[in-house]
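So the structure is just underneath, and the comments pick up after that.
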Amino acid sequence: MTSAFDAWREQIEAHERDAAAFGGGHGHGHGHSQGQGHRAFRRANRALDPWRTDDPVLNGLYALLGADADVLDIGGGAGRYALPLATRARHVTVVEPSADSVEMLTSRAAEAGLANVTAINEAWEDAEAPAADVVLCSLVLHHVPDAVPFVTKMQEYAKDRVVLVEMMETPGALEIPFFERVYGSAPTPLPGLPSVLDLLWAMDIFPDVTMVSADAAVLETDRDAALEQLRGRLSVREGTEADTRLLAAAEELLEETPNGLVVRGVAPQRQAIVTWRPGRAGPAST
């Protein structure tokens, strides 16, 4: 019988094999985007207001922070959550393997006048970091084949609690209908929230799960940008037969909304905040 650990690893490895078979253009690196070009990297790490109040995930994270908490953000990228958390926390340390993301993070922290943000430019598996009250990992775990030591290390560094932010379905769900129309099949998806919970339960971790209100799965704000992103994700060159099929799929699937272009038939993206206190039996109390 396949264990939850084996199933987790097999799903990620199948995704990576499929990514290579489709040209590798839609793959994600560990904790940050790779293989999509500099413009795609910038888009994935676009600047957000550190003082924003309309982000339901961020508001959920605020509710978990105690006064003067130290935060360790694993794979925190260019600071999507690290910078807002730094407006309330005593200190935020970001462990991030992408040098480009660290450069953006450092620059944006300086622009925002946030002197309580430190970046460690290493993969979490190799990093030496300070322990923190809250250890956060957002939308990274589903890229990690060896998830057990990754999570175990998070627990070792958490003084109070571990927090994961994950999605019911990973972001690649937006691209599946396009793969099917361009290539006739789609890559194996990365693990979503149900698989995350199976993994944690198999580790004898029984977390609290808070579902966040669903957001429309916006692909891009305009058609040209959407096509650029899809070509990169699907490894399609402009002007080819595959591109002709992609353009036809875009005509069929892309739908304009006040928030941008969504993919017809793709469910709204629903995220969850998963949290527990290491070493305590049963769910975490808040």
Side-chain angles (χ1 to χ4, degrees), residues 8 12 28-33 44-46 48-50 52-66 69-89 92-98 101 105 117 124 132-144 147 150-151 153-155 157-158 160-174 189-201 203 205-218 267-278 283-284 286:
W8 177 274
I12 294 176
H28 292 276
H30 178 162
H32 60 282
S33 298
N45 290 279
R46 59 171 63 96
L48 297 171
D49 180 6
R52 64 189 183 275
T53 59
D54 59 351
D55 185 328
V57 172
L58 185 56
N59 290 338
L61 296 177
Y62 286 152
L64 296 173
L65 286 180
D70 290 320
V71 178
L72 180 57
D73 187 355
I74 309 305
R80 178 183 183 88
Y81 295 130
L83 296 181
L85 292 175
T87 68
R88 304 192 181 199
V92 177
T93 302
V94 178
V95 177
E96 169 56 48
S98 165
S101 291
L105 171 70
V117 178
W124 173 235
D133 301 299
V134 176
V135 177
L136 167 67
C137 184
S138 173
L139 301 180
V140 170
L141 186 62
H142 59 245
H143 295 294
V144 182
F150 191 95
V151 172
K153 185 174 180 179
M154 291 178 63
Q155 293 193 114
Y157 279 74
D160 181 45
R161 66 174 71 235
V162 177
V163 181
L164 301 175
V165 177
E166 282 293 347
M167 304 180 72
M168 282 298 297
E169 295 180 330
T170 49
L174 278 174
L190 287 163
L193 177 64
S195 297
V196 171
L197 294 177
D198 283 343
L199 177 81
L200 295 178
W201 292 334
M203 294 178 67
I205 296 170
F206 304 98
D208 281 344
V209 180
T210 301
M211 300 305 300
V212 178
S213 58
D215 293 323
V218 175
Q269 294 178 321
R270 185 176 290 277
Q271 297 187 82
I273 298 173
V274 180
T275 182
W276 70 95
R277 286 192 165 114
T286 57

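Side-chain contact check for Met154 versus Leu164: some heavy-atom pair is nearer than 4.5 Å. In this structure the side chain of Asp160 never reaches within 4.5 angstrom of the side chain of Leu64, judged on heavy atoms. The side-chain heavy atoms of Phe150 and Ile74, taken from C-beta on, include a pair separated by under 4.5 Å. Residues Leu85 and Leu136 have side chains in contact (heavy-atom distance under 4.5 Å, counting atoms from C-beta outward). At a threshold of 4.5 Å between non-hydrogen side-chain atoms, the residues Val162 and Ile205 do not count as touching. Side-chain atoms of Leu174 and Gln269, non-hydrogen and from C-beta on, do get closer than 4.5 Å to each other. Met211 places a side-chain heavy atom less than 4.5 Å from the side chain of Met168. Side-chain contact between Cys137 and Glu166 is absent, with no heavy atoms from C-beta onward closer than 4.5 Å.
The nearest pair of heavy atoms linking Gly79 to Leu105 is CA-CD1, 3.7 Å. Nearest approach of Leu200 to Pro207, heavy atoms of both residues: CD1-CG, 4.0 Å. The minimum heavy-atom distance between Ile273 and Val57, with the atom names listed, is CD1-O, 3.7 Å. The two residues Glu96 and Ser101 come nearest to each other via the heavy atoms CG-CB, 3.7 Å. Taking each heavy atom of Leu199 and Ala147 in turn, the nearest pair found is CD2-CB, 3.6 Å. Closest heavy-atom contact between Val209 and Ala272: CG1-CB, 4.0 Å.
In this structure, Trp124 contributes its side chain and Val151 its backbone to no donor-acceptor pair below 3.5 Å. In terms of modelled atom types and a separation under 3.5 Å, the side chain of Asn59 and the main chain of Asp54 share no donor-acceptor contact.
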key: Step-by-step side chain to side chain contact (heavy atoms under 4.5 Å, CB included) determination, Leu141 to Trp8   = CA-CA 11 Å; Leu141 186 62; Trp8 177 274; 3.9 Å; yes
request  = For side chain to side chain contact (heavy atoms under 4.5 Å, CB included), just list the numbers for Leu193 and Val274, CA-CA rounded to whole Å, side-chain angles, deciding distance to a tenth of an Å, and then say yes or no.
outcome  = CA-CA 9 Å; Leu193 177 64; Val274 180; 3.8 Å; yes
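Here Pro56 pairs with Val212, Ser213 under the side-chain contact (heavy atoms from CB on, under 4.5 Å) rule; sequence neighbours left out. For Asp70, the side chain to side chain donor-acceptor pair (under 3.5 Å) partners two or more places apart in sequence, or in a different chain, are Arg90. For Arg52, the side chain to side chain donor-acceptor pair (under 3.5 Å) test picks out Asp55, with sequence neighbours left out. Every side-chain contact (heavy atoms from CB on, under 4.5 Å) that Ala86 has, sequence neighbours left out, goes to Val92, Leu114, Asn116, Val117.
To the nearest 0.5 Å, atom CG of residue Leu61 and atom OH of residue Tyr81 are 6.5 Å apart. Between the CG atom of Leu190 and the CG atom of Leu139 there is a distance of 11.0 Å, given to the nearest 0.5 Å.
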